[in-house]
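The structure appears below as structure tokens.
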Amino acid sequence: MNIGQVEEKVKALVANVNNESFLYDLLDCYGKPKASITRLKIVGKGSYNLSKNDGEVLWKKQVYFKSTNSDKLLSVIDEMKDADVVEKHQPRFIIAINQTHLLAIDTKTEDTLDVALAELNKKFDFFLPWAGLEKAQAQSENPADVKAAEKMAKLFDLLRDNNPAKTKQEIHVQNVFLSRILFCYFAEDTGIFEPKLFTNHIASHTTEDGSDLDDYLGKVFDVMNQEHRDGLPAYLTDFPYVNGGLFADKLPIPKFNRKSRAMLIECGSDLNWSEINPDIFGSMIQAVVHPDQRGNMGMHYTSVPNIMKVIEPLFLNELKEEFEKHADNKNKLELLLLRLEHQKIFDPACGSGNFLIIAYKELRQLEMEIFKRLQEISKEGLIPLSRIRLSQFYGIELDDFAHEVAILSLWLAEHQMNMKFKATFGHCNPALPLKNSGNVVHGNALRVDWNDVCPHAESSQVFVLGNPPYLGASLQSEEQKEDIALVFDGIDGYKSIDLIASWFYKSSKYISKNNASAAFVSTNSVCQGEQVGLLWPHIFKQDVEISFVHQSFKWENNAKNKAAVYCAIIGIRNTSTADKLIFKDGLAQKVENINPYLVATKRNIILPKRQKPLSKLPAMTYGSKPTDGGHLILEPEEKEALLEIAPKSKKFLKRYIGASEHTNNKERWCLWIDDSNLEEALSIPEINDRIKRVKEFRLNSTKAATRAIAASAHRVGEPRYIATNSILVPIHGSDRRPYIPFGFLDKSFVASNATQVIYTSEIYVFGLISSLMHNVWIKASCGKIKEDPRYSSTLGYNNFPVPSLTDQQKGVISNLVLEILGAREQYPELSLSDLYDPDLMPPDLMDAHARLDEVVERCYRAKEFTNDEDRLDYLFKLYEKMTGTQNA
């Protein structure tokens, strides 16, 4: 069910409201299972309705509903909101209706709705969480995190001034030192230490000039690594035994002066470190040691909503469904706790640990919910004790400091959740001594054997996740290219592949035939153009499939200056009959299969680089490439100057047009000289001079092929021009444009190699490729720059499936093309770039395209297409039909 279908169903519901069945009808509108709605309606044992009151329905986690004749709905819903059952059963929505109105509360977001029943369709989006669509909530930077990072940056700069770090070991020592004092700050504000223990001891036990501070800190760090305290001075025994490996290594301490000592104290006294969020804290502090990133604090931080898009379909939703399904079964709940205890979460590009931390916190929260439910249904007294350990969380990180911070942040998250556990159950695991997590390692994930870091075991289930680095082939360092070569050893074509593809391929081999699955945030490029053929066949060979996908969305994080990055979230698993889900705009659709273009098809289609059109279309080729040193191409002023000196040159001039000239009304010209009139052209001194310079340019080339064409210097290097009408195809498009602005040219134009061209006089072809159907296909099948499509003849045009057309259909399409061209001509002052800007597109041009779309789409099927996903789904099915199984 998509968002349009939900809206239509709600519209039908409000047209004929029945108060008695209203809730059940409403739940059906949002795709709730009919079996669940039936169990909600029944009375007595087995019913989902937990309310004992007439006119009320209470469905655990879902809804608390009341129908009343009262005209004081506000009082009714206020009473419902404060009822004990709300806290106990946590319904997502509280709804009260009378004959004319509806009031509702979203208990998660605290949003409210007050609407006439007859107009509920205008506010249908309020209940979309029932259909899997969560309302976007901005995740802003926590001021405490930013303030902490700024102060720590000042401290770090002061220390670096007095303690320059040049070698890897020196940098590592400073990174460890920084993570140790961060732990101390956090510990003294969260109950691990006595309040302000660390800060106050520095202030009272060291001299103001900072000269003895390094010696003092060395002693403090040593004592926190000692379990037995006999013979230690009293002022040192105030510090507890920490363990966990944090203070295990005896490392040099930086030298301090008056300023750096004062800043160390200020960082502890002016900040409440209990307000720092462990999930973002690591990324913020990372900016401290990378000064070039400080103006964009949070740039490495993956926002919590985006992390949840990964972990929910990967494992969390299924665990929560299991909990709800067996909420009244003590044995099943205990088995679920055992399952949580044996799960492994592995991020092989973990950065400062954001994904691991959020996964840890979510699993701990679910564990608490299970314990609470067990206490409710268990007859014997249950004393909960968390069994989820940091040792279940694994990571690999290339950056030394990020690796240190990830370990620290996981410890902080553990303490935070322990405090939450204690507030709920009255006790928790002790904060100290720390348990050695030991599973976040410093290394290159593309060279490390993942089985050595996170080994598979019969009793455990592994979930691989994260946000690895992207980087296309042109941006990769030599070391990264070597990494890719190692991962794709023995596979052709890897040199053009994106860096992130290495994580997908390596994870497919890691999870294959094991109790494991994976999901990554990725640029959508790995599911477009040639990347599909380079990567996905090798993944599918591991007997691995795509299990879920969040289709393309604009990347958002907590950076102040957000880069325009378009991402997809892709989950993979061993081949299974379980549901596969496509998430678009937050709605989840169950499908039979997801192909690597992230579209539902029966089989895993991978479009080949087809050299000839699949459908009955004329060939597409590149335009003519000059290879002339600029001497055969003329700007308008050069053309006018030539004609003024030598008017006879006119017969040798043609308009030379590429994508830029086409879309922006620019003008360029070229000399077009056939062998038959070469002698006449050479008689014109100005043309003769240009030809000589072309010859000289080609002879001086380092390329043998260029030198070989020096003898025909009067011609462009690669002449593909045909003296007929043609369709000009811009290579680079814009995602903002609803249509690709193709050009229809007569034989006076020569298309440049900056564009592609179809030599044909059949204008119905122009209509087919100008349609929305074709635009949707190109966006899926071809590569993109950011979100802008890059037109490919071999991947897009030649694979474009077109049904067999009658002469009548071609005639109707051709007439509509003439309408489009006529509409364009009404605006000679506007370039095509302006005409096809969605904010500027003239209504008559838009209407002409809409009529063309209607006719073209009827050539495919009689039933109207509902959206672009519907169009693309149909096109891939037609492609399957036209090609059989040869590309599956």
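- Atom CD1 of Ile727 is separated from atom CD1 of Ile769 by 5.0 Å, given to the nearest 0.5 angstrom.
- Within the 4.5 Å cutoff, side-chain heavy atoms of Arg610 are placed close to those of Thr883.
- Aromatic ring centroids of Tyr797 and Trp777 lie 6.0 Å or more apart.
- The shortest side-chain heavy-atom distance between Val440 and Tyr394 does not fall under the 4.5 Å cut-off.
- In terms of heavy atoms, Gln542 sits closest to Ser508 at CG-OG, 3.5 Å.
- One finds the OH atom of Tyr791 at 7.5 Å from the CD atom of Gln756 (value rounded to the nearest 0.5 Å).
- Between Tyr739 and His849, the ring planes lie parallel to each other; the angle is under 30°, not in the 30° to 60° tilted range.
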Begin with the C-alpha distance, continue with both residues' side-chain angles, and end with the deciding distance and a verdict on salt bridge (charged side-chain N to carboxylate O under 4.0 Å, His left out) for Lys602 and Glu880.
-> CA-CA 9 Å; Lys602 289 184 179 180; Glu880 280 188 281; over 6 Å; no

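- The six-membered or imidazole ring of Phe749 lies away from that of Tyr721, with a centre-to-centre distance of 6.0 Å or more.
- At a threshold of 4.5 Å between non-hydrogen side-chain atoms, the residues Met882 and Leu614 count as touching.
- Between atom CD1 of residue Ile345 and atom CD of residue Gln461 there is a gap of 8.5 Å, rounded to the nearest 0.5 Å.
- When all heavy atoms of Glu397 and His403 are compared, the pair lying nearest together is CG-N, 3.8 Å.
- Using a cut-off of 4.0 Å between Lys/Arg side-chain N and Asp/Glu carboxylate O, Glu592 and Lys580 are scored as not salt-bridged.
- Considering only heavy atoms from C-beta on, Asn799 comes within 4.5 Å of Tyr879 through its side chain.
- Residues Met308 and Leu316 approach most closely at CE-CD2, 3.8 Å, considering heavy atoms.
- Within the 4.5 Å cutoff, side-chain heavy atoms of Ile539 are placed close to those of Phe504.
- Centroid-to-centroid, the aromatic rings of His456 and Phe346 stay 6.0 Å apart or farther.
- Across all their heavy atoms, Leu835 and Met841 have their closest contact at O-CG, 3.0 Å.
- Under the 6.0 Å distance and 45° angle rule, Arg858 does not count as a cation-pi partner of Tyr860.
- Nearest heavy-atom pair, Asn753 versus Tyr656, reported as atom, atom and distance to 0.1 Å: OD1-OH, 3.7 Å.
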Before giving the answer on salt bridge (charged side-chain N to carboxylate O under 4.0 Å, His left out), spell out for Asp543 and Lys513 the whole-Å C-alpha distance, their side-chain angles and the decisive distance to 0.1 Å.
-> CA-CA 8 Å; Asp543 202 22; Lys513 298 180 176 57; 5.1 Å; no

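- Remark: Leu816 CG to Asp853 CG distance equals 10.0 Å, nearest 0.5 Å.
- Considering only heavy atoms from C-beta on, Thr523 comes within 4.5 Å of Asp498 through its side chain.
- Side-chain N/O atoms of Gln531 and Ser525 include no donor and acceptor closer than 3.5 Å.
- A distance of 12.5 Å separates CZ in Phe865 from CD in Glu854, rounded to the nearest 0.5 Å.
- The pair Lys863-Asp870 fails the salt-bridge criterion, with no side-chain N (NZ, NE, NH1 or NH2) lying under 4.0 Å from an Asp/Glu carboxylate O.
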Just do the salt bridge (charged side-chain N to carboxylate O under 4.0 Å, His left out) check on Glu479 and Lys481 with the steps written out, would you?
-> CA-CA 5 Å; Glu479 186 177 356; Lys481 289 180 185 295; over 6 Å; no

